[in-house]
Amino acid sequence: MKKLLFFCLLPVMMCGQTNDKKSAMELEVKNRKYNFGDVKQDTLISKTFILKNVSKRDIKLNISSTSCICTEAKLNKNSLAPNEEAQLIMKFNTEGKIGESKVYTIIDSNTEQQFYRFLIFGNVIKKE
């Protein structure tokens, strides 16, 4: 009888744990793309993205990679308490670039969605 009760309650206990884990580890990012439009060559583009911990547990953040050496990325915080925000500052140096350009930064975290990709794109015009 005890075994039967255990096996009947096991799925309920597992579902509860999964839902708690998901709701406990969420990162809110309103926009992960930025179109800088047309800029002249040798311009430094800078964009700040806001990341917010909307969970009930601390979230760890780390810059995993950037797409090229022309891209610099910095986080002002690597750990977020519940309801706390962090800033990801991305800088793109257009020196030597011409035409459509896209650069990205990947952030990894201990949330359900482990990786977050941030994109800066637009058109670089040859300087006169």
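On a predicted model such as this, the values are computed, not experimentally measured, just so you know.
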For atom CD of Glu95, decide whether the heavy atoms of other residues, nucleotides or ligands shown that lie under 6.0 angstrom number more than 12. no
Looking at every heavy atom in both Leu51 and Val29, which two are closest together, and how far apart are they? CG-CG2, 4.1 Å
Decide side-chain contact (heavy atoms from CB on, under 4.5 Å) for Tyr34 and Ile45; before the verdict, give the C-alpha distance in whole Å, the side-chain angles of both, and the deciding distance to 0.1 Å. CA-CA 10 Å; Tyr34 173 64; Ile45 307 296; 4.1 Å; yes
Rounded to the nearest 0.5 Å, the CD1 atom of Ile63 sits from the CG atom of Leu88 at a distance of 6.0 Å
Keeping the roles fixed (side chain from Asn110, backbone from Lys60), state whether a donor-acceptor pair exists under 3.5 Å. yes
Report the C-alpha distance between Lys52 and Asn83 in whole Å, list the side-chain angles of each, state the deciding distance to 0.1 Å, and finish with yes or no for side-chain contact (heavy atoms from CB on, under 4.5 Å). CA-CA 6 Å; Lys52 184 177 181 179; Asn83 294 314; 4.2 Å; yes
Going from OG on Ser67 to NZ on Lys102, what distance comes out if it is rounded to the nearest 0.5 angstrom? 11.0 Å
What heavy-atom pair brings Thr71 and Met90 nearest, and what distance separates the two atoms? CG2-CE, 4.0 Å
Lys40 meets the salt bridge (Lys or Arg N to Asp or Glu O under 4.0 Å) criterion, sequence neighbours left out, with none
Hey, does the side chain of Thr105 reach the backbone of Ala73 with a donor-acceptor pair shorter than 3.5 angstrom? no
Under 3.5 Å: donor-acceptor pair, side chain of Asn78, backbone of Leu61: yes
Spacing of CD belonging to Glu26 relative to NZ belonging to Lys56, to within rounding of 0.5 Å: 10.5 Å
Heavy-atom closest contact (Pro82 atom, Ser55 atom, distance): CB-O, 3.3 Å
Hphob cluster co-occupancy, Phe92 + Leu75, side-chain heavy atoms under 4.5 angstrom: yes
Short question: side chain of Asn62, backbone of Ser64 - any donor-acceptor pair under 3.5 Å? no
Looking at Phe49, I'd like to know if the NZ or CZ of Lys47 sits under 6.0 Å from its six-membered ring centre while staying within 45 degrees of the ring's axis. yes
Measure the spacing between CD1 of Ile120 and CZ of Phe118 and express it to the nearest 0.5 Å. 11.0 Å
Does a donor on one side chain and an acceptor on the other come within less than 3.5 Å for Ser65 and Tyr104? no
Measure across Gln41 and Val124 and return the closest heavy-atom pair with its distance rounded to 0.1 Å. CA-CG1, 3.7 Å
Is a salt bridge present between Glu128 and Lys126, judged by a nitrogen-to-oxygen distance below 4.0 Å? no
Ignoring hydrogens and angles, tell me if any N or O in the side chain of Gln87 forms a donor-acceptor pair with the backbone of Ile89 under 3.5 Å. no
In terms of heavy-atom contacts, Cys70 and Val103 come closest through SG-CG1, 3.9 Å
Can you give me the closest heavy-atom contact between Glu85 and Lys77, atom names plus distance? O-NZ, 3.2 Å
Nearest 0.5 angstrom please: Gln113 CD to Asp108 CG, how far? 12.0 Å
Would you check, one step at a time, whether the test side-chain contact (heavy atoms from CB on, under 4.5 Å) holds for Leu119 with Arg32? CA-CA 6 Å; Leu119 180 68; Arg32 290 188 272 165; over 6 Å; no
side-chain contact (heavy atoms from CB on, under 4.5 Å), that's the test. Do Lys33 and Phe121 meet it? Break it down for me. CA-CA 8 Å; Lys33 296 180 183 178; Phe121 63 97; 4.1 Å; yes
Do the side chain of Asn53 and the main chain of Leu80 share a donor and acceptor less than 3.5 angstrom apart? yes
Distance check, rounded to the nearest 0.5 Å: Gln114 atom CD versus Ile107 atom CD1? 12.5 Å
